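Structure, as structure tokens:
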Amino acid sequence: MPMSADFAGTKLAGFIAQHRKLFVLTGAGCSTGSGIPDYRDVDGGWKRRPPVTYQAFVGDAATRSRYWARSLVGWRRFGRARPNGTHEALAKLEADGRIEVLLTQNVDGLHQAAGSRNVIDLHGRLDRVRCLSCERSVARADFQSELERRNPSWNELDALDAPDGDADLEALDFSTFAVPDCAACGGILKPDVVFFGENVPRERVQSACAALQSADAMLVVGSSLMVYSGFRFARMAREMGLPLAILTHGVTRADDIATLKVDADCGSTLAGAIAVGA
Ligand SMILES: [Zn+2]
């Protein structure tokens, strides 16, 4: 049963007031208010077909054509998404010196766009494209222009937006879609994000662990923690004896270990909690 916004905000304000340095973990629920849909429903189940795996993307040219064709359409709106009240509230909390680090599972860069500086992009950033052979990185915006130039007939398409800059395009012949290789070495280009079936780079995990050790408490915002790469930080926090607050809609994988669970709208509740604490 969701709490009333006022009550939830008061409980959260108490938590934030009690702990000076927060380790914040954010997920898709932060960005739904910016028009980027979530993969999961309130019960933590898949709302749609699970995303492409690393193995399928790397191993199969047809899968890459399908991925980039959908991404060509999805990026138009994803690339223009703007931060919302949740991002702004967290940026303010950081400006007030209250955030040790903000670890995000989102790949949209909206925390940085809202002014957060101390951000670790756990799963990478969708605004970069990287060569799997020579590591050369190019801006997604430039890659988008190249995709459009090579596939003029696909520019007319539109589709329902899907998460991570994807779009729902089915029943189309993706084999005609031309995908550019790396201009430097001819290698396979991949969005600079961690795909399902791929490990998060070790240095990134180590930086986040170090930040967790310097924090007084952990705050999860807008994540069901269904993905292990995020969930493990909640478990680690509790093993270290840190209090854990979760603000999100619906069930999470860490509900049974949370110190405080607030089932409410992220943006308004967080903004209210910060206002109370100020
Ligand atoms: Zn290359």
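Atoms within a ligand are numbered from 1 in the order they appear, just like the ligands themselves. Note that the coordinates shown come from a computational prediction; the quantities given were computed from them, not determined experimentally.
- With I246 as reference, L225 is the one residue of V262, I257, L225 to meet the side-chain contact (heavy atoms from CB on, under 4.5 Å) rule.
- Under the side chain to side chain donor-acceptor pair (under 3.5 Å) test applied with S31, the options T26, D108, T86, T104 reduce to a single match, D108.
- Using a cutoff of 4.0 Å between basic side-chain nitrogens and carboxylate oxygens, K261 and D255 are scored as salt-bridged.
- The tally of protein N/O/S atoms under 2.8 Å from the Zn ion (ligand 1) stands at 4.
- Taking a cutoff of 4.0 Å between a charged side-chain nitrogen and a carboxylate oxygen, R150 and E146 qualify as a salt bridge.
- Ion pair D127/R125 flagged as a salt bridge, since at least one NZ, NE, NH1 or NH2 atom sits closer than 4.0 Å to an Asp/Glu carboxylate oxygen.
- Ring geometry, F195 versus Y67: the interplanar angle falls from 30° to 60°, so the pair is classed tilted.
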